Amino acid sequence: MHDLILSCDIGTTSLKMALVTLGGEVVSHFTVYFDTPGHSFIALQWEKAFYEAAVAVFKNIDKSLVRGISISGNGPTVCSENGRTFPWNETNLLEAVDLGGENCRKSLFAPKILSFFTKYKSDLDSSLWLLSGPEWLVYKLTGSAVTLLPEERYKTAYWNDSVVSELKEAGFPVEKLPPYVLPAQKMGVLIPDVANRLGFSNELPVFGAGPDFIAAMIGTNTLKPGVLYDCAGSSEGINFCIEKPIFKNGLRTLPSVMTGLWNVAALSVESGRRFMECAWKRNSSSQNIADHGVLSGEVYQNFFDESFSDKESEGFYLITQILQQVKKGIDNLKFFAEENNLDFPKRVVVCGGQAKNEKWMQARADYLKMEIAVCNHPDAELIGDAVCAFTGIGKFSSVAEAAEKMVKVAKVYFPR
């Protein structure tokens with residue numbers, strides 16, 4: 001075995017970790033489910049889960065092979081240093097949003113920043129920085145305060161000069177916003193205490209792929225026009241890569257991580273979360289599972305097996321409902337493509353926790369009448385993290401080159 005990257009992705013309900021090779025192979029993987037996913041200090045659970053997962057993934061593996069750590073996570077989420085968290089899926093405070101102007105309202109991050117400023121002012125006052133979700137964990141590991149910007153055009157979605165000016169006018173201390181770094185740029189190195197705890201060199205570099213949907217975009221190599229990927233975790237977004245910015249009501253258009261390209265997305269409901277809740281309800285030990293945030297693969301598999309076999313069940317009804325919503329998203333993107341004379345692909349690459357269930361993927365292929373592809377690892381964010389880190393340490397000349405060589409289609413489900 002040769003060089004490894006320790007990849008980590010912070011989800012809404014769990015933290016996933018993997019050791020990834022230069023060839024994109026996952027040699028070890030572990031998931032830690034959060035005890036209380038909706039807690040306002042959820043970031044503290046991220047840190048605890050990181051160390052727990054690190055112990056698990058290194059069983060019988062030489063730590064000296066690790067060349068770097070790379071972290072991604074859900075967003076737009078913001079945290080103060082003490083772990084107080086305003087997550088991406090918490091409703092913005094209307095009175096806070098009204099503090100900002102038009103530029104703040106267009107930003108993905110500014111409403112979260114202003115909501116944090118309004119709701120948790122004492123936490124902010126005692127913190128040097130207001131950090132984006134995954135970068136909070138980077139800060140705890142390295143002592144470096146940074147914001148990973150997926151690409152220069154994302155400043156409008158994060159904060160550009162106009163957004164900063166409006167934040168300042170609203171009273172927010174803009175000096176607490178950390179400086180930007182780009183994917184594959186080193187964020188920092190492990191501080192001695194962390195390095196000793198993990199058993200690494202003090203100089204081990206830490207990288208990132210940014211928000212999870214960017215990490216998944218890289219980890220599925222959907223970095224060319226005309227490619228479609230579905231990031232199906234706790235929440236779900238179907239993303240279509242295009243060559244120029246085209247905006248349409250009901251769809252979200254953002255820059256691609258590739259300069260010059262764009263990404264138009266149909267955002268769906270929190271399908272994965274709904275599946276989990278239904279599985280908890282059906283399982284005989286659901287109360288214990290819900291209390292500890294642990295959803296075993298067996299419970300999840302049993303949920304789908306039972307649901308598909310009983311068409312009168314609540315699970316089958318939910319599956320049907322989610323399929324209809326996914327198809328609606330695909331149809332909206334197809335209509336968008338037709339309107340703009342764009343070829344629409346016959347295949348969608350699916351990643352996230354839902355991609356781990358074969359019956360569910362086959363059902364999608366059959367219902368959508370599309371090919372469903374799954375790459376190296378269903379948790380494609382972890383591959384995207386490794387792509388950025390291997391690029392950062394000089395193994396590849398660019399993220400695009402690394403993704404081309406590291407990302408491979410592992411299985412395709414064809415419609416029957």
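Please read all numbers here as calculations on a predicted model, not as lab measurements.
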Between [X] and [Y], does at least one N-O distance fall below 4.0 Å, as a salt bridge requires?
{"X": "Asp193", "Y": "Arg197", "value": "no"}
{"X": "Arg364", "Y": "Glu236", "value": "yes"}
{"X": "Lys334", "Y": "Glu338", "value": "no"}
{"X": "Glu401", "Y": "Lys405", "value": "yes"}
{"X": "Glu90", "Y": "Lys119", "value": "yes"}

pair [X]-[Y]: side-chain heavy atoms closer than 4.5 Å:
{"X": "Tyr139", "Y": "Met187", "result": "no"}
{"X": "Gln185", "Y": "Val146", "result": "no"}
{"X": "Thr36", "Y": "Ile42", "result": "no"}
{"X": "Ile69", "Y": "Leu190", "result": "yes"}
{"X": "Leu6", "Y": "Leu19", "result": "yes"}
{"X": "Lys48", "Y": "Asp35", "result": "yes"}
{"X": "Val264", "Y": "Ile246", "result": "no"}

The criterion is ring-ring contact (aromatic ring centres under 6.0 Å, His included); which residues satisfy it with [X], sequence neighbours excluded?
{"X": "Phe336", "answer": "none"}
{"X": "Tyr51", "answer": "none"}
{"X": "Tyr158", "answer": "Phe109"}
{"X": "Tyr317", "answer": "none"}

Would you confirm whether [X], through its side chain, and [Y], through its main-chain N or O, come within 3.5 Å as a donor-acceptor pair?
{"X": "Ser115", "Y": "Asn92", "answer": "no"}
{"X": "Glu135", "Y": "Leu148", "answer": "yes"}
{"X": "Trp136", "Y": "Ser80", "answer": "yes"}
{"X": "Asp9", "Y": "Ser7", "answer": "no"}
{"X": "Ser127", "Y": "Glu81", "answer": "yes"}
{"X": "Ser107", "Y": "Asn103", "answer": "no"}
{"X": "Glu166", "Y": "Cys104", "answer": "yes"}
{"X": "Arg105", "Y": "Gly100", "answer": "yes"}

- [ ] Any side chain to side chain donor-acceptor pair (under 3.5 Å) involving residues 55-66? Give me the pairs, sequence neighbours left out, ordered by first then second residue.
- [x] Asp62-Ser64
TODO: Output every pair passing side chain to side chain donor-acceptor pair (under 3.5 Å) with a member in residues 370-393, not counting sequence neighbours, ordered by first then second residue.
DONE: His29-Asp379, Ser72-Asp385, Arg347-Glu371, Lys356-Asp379
By salt bridge (Lys or Arg N to Asp or Glu O under 4.0 Å) - contacts of [X] (at least two apart):
{"X": "Lys155", "value": "Glu152"}
{"X": "Glu404", "value": "Lys224"}
{"X": "Glu358", "value": "Lys411"}
{"X": "Glu339", "value": "Lys248"}

Task: Residue pairs passing the ring pair (Phe, Tyr, Trp, His ring centres under 6.0 Å) test where at least one lies in residues 214-257, sequence neighbours excluded - done: Phe240-Phe344
- [ ] Could you list all the ring pair (Phe, Tyr, Trp, His ring centres under 6.0 Å) pairs where at least one residue sits in residues 170-193, not counting sequence neighbours?
- [x] Phe117-Phe172, Trp159-Tyr180
TODO: Enter the distance from Asp123:CG to Asn82:CG here, rounded to the nearest 0.5 Å.
DONE: 4.5 Å
Task: Reported CZ-to-CE distance for the pair Phe396 and Met406, which is rounded to 0.5 angstrom - done: 6.0 Å
Task: Residue pair Ile322, Trp360: steps toward the side chain to side chain contact (heavy atoms under 4.5 Å, CB included) verdict - done: CA-CA 11 Å; Ile322 297 299; Trp360 180 223; 3.8 Å; yes
Closest contact, heavy atoms only, [X] versus [Y]:
{"X": "Pro111", "Y": "Val97", "result": "CB-CG2, 4.0 Å"}
{"X": "Pro205", "Y": "Lys186", "result": "CB-CD, 3.6 Å"}
{"X": "Leu261", "Y": "Glu243", "result": "CD2-CA, 4.1 Å"}
{"X": "Tyr33", "Y": "Ser14", "result": "CD2-CB, 3.7 Å"}
{"X": "Leu114", "Y": "Ala170", "result": "CD2-CB, 4.0 Å"}
{"X": "Lys112", "Y": "Pro87", "result": "NZ-O, 3.6 Å"}

So for atom [atom1], which belongs to [X], do other residues, nucleotides or ligands contribute more than 12 heavy atoms lying within a distance under 6.0 Å?
{"X": "Lys121", "atom1": "NZ", "result": "no"}
{"X": "Glu95", "atom1": "CD", "result": "yes"}
{"X": "Phe41", "atom1": "CZ", "result": "yes"}

Open item on the list: Distance alone, cut at 3.5 Å: any donor-acceptor contact between the side chains of Ser256 and Glu151?
Closed with: no
TODO: Tell me yes or no: between the side chains of Trp88 and Thr12, is some donor less than 3.5 Å from an acceptor?
DONE: yes
Task: Residue among Asp212, Ile10, Val32, Leu382 satisfying side chain to side chain contact (heavy atoms under 4.5 Å, CB included) with Lys16 - done: Leu382
